[in-house]
Visitor: 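Input: one structure, supplied below.
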Amino acid sequence: MVVGDVTTGTELLIIGAGPGGYVAAIRAGQLGIDTTLVEKDAYGGTCLNHGCIPSKALISATDVAHDAREAEEMGIHADPAVDLAGMVDWKDDVVDQLTGGVEQLCKANDVNLVEGRAEFADENTVRVAHGGEGQGSESIEFEHAVVATGSRPVEVPNFEFDGEHVISSRDALALDSVPDSLVVVGAGYIGMELATVFAKLGTDVTVVEMLEGILPPYEDDVSKVVRDRAEEIGIDFFFGEAASDWEESGDGITVRTENEDGEVSEFGAEKALVAVGRAPVTDTLNLDAVGLETDEDGFLATDDRARTDVESVFAVGDVAGEPMLAHKGMKEGEVAAEVVAGEPSALDYQSVPAAVFTDPEVGTVGMTEDEAEEAGFSPVVGQMPMQASGRALTLGDTGGFTRVVADDDAGFILGAQVVAPEASELIAEFGLAIEMGATLEDVAATIHTHPTLGETVMEAVENAQGKAIHTLNR
Amino acid sequence: MVVGDVTTGTELLIIGAGPGGYVAAIRAGQLGIDTTLVEKDAYGGTCLNHGCIPSKALISATDVAHDAREAEEMGIHADPAVDLAGMVDWKDDVVDQLTGGVEQLCKANDVNLVEGRAEFADENTVRVAHGGEGQGSESIEFEHAVVATGSRPVEVPNFEFDGEHVISSRDALALDSVPDSLVVVGAGYIGMELATVFAKLGTDVTVVEMLEGILPPYEDDVSKVVRDRAEEIGIDFFFGEAASDWEESGDGITVRTENEDGEVSEFGAEKALVAVGRAPVTDTLNLDAVGLETDEDGFLATDDRARTDVESVFAVGDVAGEPMLAHKGMKEGEVAAEVVAGEPSALDYQSVPAAVFTDPEVGTVGMTEDEAEEAGFSPVVGQMPMQASGRALTLGDTGGFTRVVADDDAGFILGAQVVAPEASELIAEFGLAIEMGATLEDVAATIHTHPTLGETVMEAVENAQGKAIHTLNR
Amino acid sequence: DGSGSASSGRVFAAPSARRLARELDVDIGAVDGSGPGGRVSDTDVRAAAESDDDGDGASTADEPAPKPAVERVE
Ligand SMILES: Cc1cc2nc3c(=O)[nH]c(=O)nc-3n(C[C@H](O)[C@H](O)[C@H](O)COP(=O)(O)OP(=O)(O)OC[C@H]3O[C@@H](n4cnc5c(N)ncnc54)[C@H](O)[C@@H]3O)c2cc1C
Ligand SMILES: Cc1cc2nc3c(=O)[nH]c(=O)nc-3n(C[C@H](O)[C@H](O)[C@H](O)COP(=O)(O)OP(=O)(O)OC[C@H]3O[C@@H](n4cnc5c(N)ncnc54)[C@H](O)[C@@H]3O)c2cc1C
């Protein structure tokens with residue numbers, strides 16, 4: 001479909017092959033849309049290369065060693081040796097399989113793949129600069145475009161990433177030896193997941209956080225379970241401490257923090273991992289040329305069809321705003337492609353689940369009790385402690401609970417908070433319940449396999465009804 | 001509530017404190033019914049003492065050691081030592097916590113607990129013989145009774161359990177040293193779960209099975225995944241072999257089997273574990289006295305209120321027929337109690353999920369493709385291989401798949417077969433979908449957290465719609 | 001106005017019913033749900049579509065989906 005010498009044309013042009021972009025591309029290909037996907041680095045984006053997948057790979061691998069080391073109570077005596085370089089190789093293999101898979105799936109669905117960095121040239125053209133010196137560039141005309149350029153880590157002033165002393169999550173996922181000690185700046189989900197990995201690998205981990213607790217978006221009783229476990233495995237926390245600067249000292253560094261009262265503390269460590277949030281990548285796209293502006297945080301506003309203020313341009317994934325999660329981006333990618341194909345799709349989901357892969361995991365979906373109240377419901381809450389779950393006991397892992405929030409009048413399930421082993425999986429059933437408009441009665445009536453952690457879903461629901469079997473009803 | 005010298009009265013009399021009986025008792029207590037629960041051995045029944053819980057405890061503990069031993073690829077080098085006596089102590093602790101919990105929950109819900117063996121004396125009386133010599137007996141008059149006496153292992157002719165050479169699943173769960181070798185007679189779920197535990201503990205395991213494959217109720221492609229893994233961990237299978245007799249030889253035994261053609265084979269091992277099914281315990285209840293008869297297999301027939309042919313008598317759990325699973329019994333127990341309380345409850349569930357805790361796990365709910373066809377649906381099937389799941393890859397465990405069966409016309413989800421890590425948990429969402437009458441579209445529209453195994457549920461569903469993202473659509 | 005659309009303006013209906021409402025151009029928030037708590041079913045949506053129509057409702061469901069032209073409203 002060559003339009004001129006150096007200009008090609010495409011019906012749908014997608015910038016960025018992360019979960020938002022590649023899913024949009026595959027779905028568009030399935031729908032028979034002539035689709036071009038431009039990626040400057042690696043298929044799969046942050047998620048597959050430097051985010052979800054490598055972090056979860058290291059988490060599950062370190063858990064294998066940690067669980068064996070801690071299993072004396074179960075009659076297991078093990079002293080596993082971990083070779084981090086070997087673990088990282090394995091993790092890279094996992095990543096390669098998945099990114100290779102994404103590339104193949106795109107091709108199988110007839111997506112044109114273009115390697116290079118795209119920016120807008122005018123309302124219906126992007127210019128793509130190919131990687132490497134003298135590789136040239138090309139222009140691609142489009143009818144519709146999807147911006148899916150994702151996000152990058154936020155830098156703290158005075159803490160530019162140097163990959164050596166001050167590292168990002170991306171660097172942390174590719175270390176080839178275990179640091180003796182690590183200061184983690186930021187106790188959000190990325191900081192906590194990685195702090196846990198390194199503590200289990202034997203690193204002396206100190207977490208400094210500006211706010212007053214870990215995992216700030218979560219309720220106190222949820223984050224407390226994670227914090228207690230983190231402290232058990234040796235992580236030290238310092239709250240109300242803002243990282244102000246650092247200097248080299250000996251083999252490592254000294255990180256200075258300041259509290260509200262201006263008091264300075266110092267933390268010595270081999271490295272500092274800074275994980276204080278992520279910002280959208282929209283500044284390199286020449287958005288002006290297509291008539292778009294971002295909000296002050298750099299996000300693109302979209303409507304319920306994933307469309308920006310410019311009719312022909314969609315935005316999906318991290319650039320389209322919170323929650324900055326892969327599965328939210330995937331859904332937006334699907335919807336954008338379907339809308340371009342003229343289908344009656346919309347972002348009309350009731351909730352986006354979220355998981356934190358700490359020890360134990362946290363999984364949430366829908367509203368908390370407070371949020372339900374603010375939304376005008378009279379919420380009723382039910383809870384099941386893992387301590388009373390037969391399955392949790394057989395796993396030797398009984399921290400946490402499953403909680404459900406429902407509307408007291410009609411019984412509709414509004415939300416759930418789970419902090420437990422496999423919490424990331426357990427919220428799936430709640431997610432379906434919320435989308436279906438299921439009531440407490442519906443979930444309580446569903447037979448749940450014994451012995452499973454999923455039974456705590458049913459028990460929490462029955463607790464909200466005042467008729468749980470395996471826990472006392474309040 | 002003493003009626004005579006030795007006769008007491010109760011509104012609801014429940015015989016057997018397994019999952020069927022104790023759940024009936026707790027729910028009845030909650031509903032304000034004067035309830036008496038008679039148990040001859042231990043609270044929690046087979047399930048908590050000799051079944052679900054101890055088996056799952058040993059499975060997860062041996063997995064901790066096995067996973068660490070097999071994790072070289074992940075950069076983990078471990079040679080865990082397992083002290084089976086220590087593992088069994090830990091398992092006993094788990095059991096004690098749960099059985100103690102059941103007892104407390106009964107008391108908290110005002111259930112009268114009576115220890116002893118009950119049998120019917122007449123239409124509204126049971127006689128309870130208290131344990132131990134000269135402990136006497138008492139009579140209890142009831143308005144309603146629930147029979148929840150469970151099941152016992154079936155014995156193969158010539159293979160009486162002696163706890164030494166020929167052992168039952170109950171004995172196997174309480175061994176204090178790891179046998180060098182074991183012949184497992186029967187490749188049903190109990191045989192396969194225990195064969196896997198012992199193979200992982202280092203026992204040389206041979207499974208002999210009369211039929212032509214393992215896990216007979218499951219589809220071939222499901223059981224093949226489990227069989228392949230079992231063979232990888234060193235289990236040898238011999239099919240079409242009926243155990244005929246055994247004799248002592250040296251330190252162990254020789255088990256003889258016969259095939260269809262009358263050819264005899266011999267298998268030497270330290271012990272034989274016989275697990276060929278379970279039969280209801282109804283022969284010791286003097287059912288005549290209350291006017292009840294069992295069917296030829298010993299089961300009590302019940303209607304959709306869990307009621308037997310005698311208006312005042314209910315039967316729940318294993319005595320009430322297949323599937324002989326704890327959660328089926330719990331549901332029946334709930335319904336029986338609610339019906340006694342005059343509530344409009346019924347056994348109107350669409351499906352009973354089932355799980356096998358082999359490596360990997362199997363989880364199924366609702367109909368297979370064949371069953372859907374027989375039931376008059378035109379089924380459509382969708383599948384997602386674990387090999388394409390990012391989460392399965394990060395767990396280093398990519399055997400198996402998630403499959404969904406739906407009605408092609410309306411899209412209603414009819415069933416699911418999952419063979420994968422956490423399959424027992426993954427079927428929960430399908431279970432809710434089936435009970436809710438959810439369609440493929442409903443599940444596909446529900447956002448699933450990334451990266452989770454639960455995403456394979458969504459992908460299988462989208463595959464059935466011809467629009468899966470992460471696998472090719474047939 | 002069924003209680004299926006609660007105080008929050010939230011609608012309780014399965015995704016398939018919500019999609020059908022978009023397809024049939026029905027404001028699902030205004031549909032009286034016949035399910036538990038006022039949950040809106042696809043049948044409720046179809047009924048609402050037919051009662052909104054001037055006689056040609058029967059064929060609505062078979063018409064191609066309207067091309068969404070939703071502008072950002074703010
Ligand atoms: C350590 C870590 C762990 C995480 N864990 C999870 C998790 O468990 N679950 C979860 O849901 N989320 C997780 N996330 C977040 C998740 O990675 C993001 O939400 C997701 O990657 C966003 O997808 P996206 O498609 O919007 O962007 P990205 O994945 O960031 O992809 C954007 C792509 O666009 C490309 N690109 C950018 N600009 C251009 C251009 N001008 N031209 C061409 N290509 C361009 C980039 O190279 C990149 O490949 C994690 C993130 C991190 C950092
Ligand atoms: C090794 C093994 C593993 C299993 N794993 C699972 C699993 O993972 N999931 C699952 O769902 N199921 C599993 N099962 C099956 C499960 O244990 C049974 O389905 C369940 O226990 C049945 O519950 P019940 O209440 O009917 O009977 P039981 O649990 O058998 O309880 C019956 C009780 O009645 C008592 N009793 C009997 N007669 C009398 C009498 N005359 N007077 C007083 N008391 C009496 C008994 O002592 C016993 O305590 C497993 C079984 C075994 C053997």
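This structure is a prediction, so every number in the text was calculated from the model and none was measured. Reminder, nothing fancy here: chain letters follow the sequence lines and each chain counts from 1. We use all heavy atoms of the structure for the numbers below, so side chains are in, but hydrogens, waters and symmetry mates are not.
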Visitor: Taking every heavy-atom pair that is under 4.5 Å apart, which of Ser60(A), Gly101(A), Ala78(A) has the most such pairs with chain B?
Guide: Ser60(A)
Visitor: In terms of heavy-atom pairs under 4.5 Å, which option from Ala355(A), Ala85(A), Pro353(A) contacts chain B the most?
Guide: Pro353(A)
Visitor: Could you look at Ala468(B) and say if it's the side chain, the backbone, both or neither that has a heavy atom under 4.5 Å from chain A?
Guide: backbone
Visitor: Just give me the residue among Ile76(A), Val102(A), Val365(A) that pairs up with chain B most often, heavy atom to heavy atom, under 4.5 Å.
Guide: Ile76(A)
Visitor: What part of Gln387(A) gets within 4.5 angstrom of chain B, counting heavy atoms only: side chain, backbone, both, or neither?
Guide: side chain
Visitor: Within the 4.5 Å heavy-atom criterion, are Met458(A) and Met330(B) side-chain neighbours or not?
Guide: no
Visitor: So what's closer than 4.5 Å to chain B heavy atoms on Ala71(A): side chain, backbone, both or neither?
Guide: side chain
Visitor: Could you look at Thr398(B) and say if it's the side chain, the backbone, both or neither that has a heavy atom under 4.5 Å from chain A?
Guide: neither
Visitor: Heavy-atom cut-off 4.5 Å, strictly under: side chain, backbone, both or neither for Lys331(B) against chain A?
Guide: side chain
Visitor: Examine whether an atom of Glu72(B) lies under 4.5 Å from a heavy atom of chain A, and if so say whether it belongs to the side chain, the backbone or both; otherwise answer neither.
Guide: neither
Visitor: Tabulate, in ascending numerical order, the residues of residues 24-32 of chain A having at least one heavy atom closer than 4.5 Å to a heavy atom of chain B, or enter 'none'.
Guide: Ile26(A), Arg27(A), Gln30(A)
Visitor: Looking at Glu361(A) and Arg391(B), is any side-chain nitrogen of the basic one under 4.0 Å from a carboxylate oxygen of the acidic one?
Guide: yes
Visitor: Between Glu338(B) and Lys467(A), does a side-chain contact (heavy atoms from CB on, under 4.5 Å) hold up when you go through it step by step?
Guide: CA-CA 11 Å; Glu338(B) 288 165 7; Lys467(A) 54 176 219 185; 4.2 Å; yes
Visitor: With a 4.5 Å cut-off on heavy-atom pairs, point out which of Ala68(A), Ala326(A), Pro451(A) contacts chain B the most.
Guide: Pro451(A)
Visitor: Tell me, side chain or backbone of Gln350(A) under 4.5 Å from chain B's heavy atoms, or both, or neither?
Guide: neither
Visitor: Would Thr449(A) and Glu425(B) count as a side-chain contact (heavy atoms from CB on, under 4.5 Å) here? Give the steps.
Guide: CA-CA 8 Å; Thr449(A) 315; Glu425(B) 305 291 352; over 6 Å; no
Visitor: Could you walk me through whether Phe430(B) and Glu429(A) satisfy the side-chain contact (heavy atoms from CB on, under 4.5 Å) test, starting with their C-alpha distance in whole Å, then the side-chain angles of each, then the deciding distance to 0.1 Å, before giving a yes or no?
Guide: CA-CA 8 Å; Phe430(B) 281 120; Glu429(A) 185 186 356; over 6 Å; no
Visitor: What part of Leu325(B) lies closer than 4.5 angstrom to a heavy atom of chain A: side chain, backbone, both or neither?
Guide: neither
Visitor: Hey, what do you get for OG (Ser424(B)) to CD (Glu422(A)), rounding to the nearest 0.5 Å?
Guide: 9.0 Å
Visitor: Please state whether the side chain, the backbone, both or neither of Glu70(B) comes within less than 4.5 Å of a heavy atom of chain A.
Guide: neither
Visitor: State, to 0.1 Å, how close Trp90(A) and Met74(B) come at their nearest heavy-atom pair, and which atoms those are.
Guide: CZ2-CE, 3.5 Å
Visitor: Whether the side chain of His327(B) engages the backbone of His450(A) through a donor-acceptor N/O pair (distance < 3.5 Å, no angle test) should be reported.
Guide: yes
Visitor: Highest number of heavy-atom pairs under 4.5 Å with chain A: which of Leu453(B), Thr471(B), Asp93(B)?
Guide: Leu453(B)
Visitor: For Gln97(B), which atoms come within 4.5 Å of any heavy atom of chain A: side chain, backbone, both, or neither?
Guide: side chain
Visitor: Is any side-chain heavy atom of Leu105(A) closer than 4.5 Å to a side-chain heavy atom of Ile469(B)?
Guide: no
Visitor: About how many Å separate CD1 of Ile59(A) and OG1 of Thr394(B), when rounded to the nearest 0.5 Å?
Guide: 8.5 Å
Visitor: What part of Leu58(B) gets within 4.5 angstrom of chain A, counting heavy atoms only: side chain, backbone, both, or neither?
Guide: neither
Visitor: Taking side chain as C-beta onward, heavy atoms only, is Leu432(B) less than 4.5 Å from Met436(A)?
Guide: no
Visitor: Minimum heavy-atom separation for Ala388(A) and Leu98(B), please, with both atom names.
Guide: O-CD2, 4.5 Å
Visitor: Counting only non-hydrogen atoms closer than 4.5 Å, does Ala428(B) touch chain A with its backbone (N, CA, C, O), its side chain (CB onward), both, or neither?
Guide: both
Visitor: Side chains of Glu435(A) and Asp442(B): does their closest heavy-atom pair fall under 4.5 Å?
Guide: no
Visitor: Quick one: which of Gly390(B), Ser351(B), Ala108(B) has the most heavy-atom pairs under 4.5 Å with chain A, could you say?
Guide: Gly390(B)
Visitor: State the CG-CD1 distance between Leu347(A) and Ile447(B), to the nearest 0.5 angstrom.
Guide: 8.0 Å
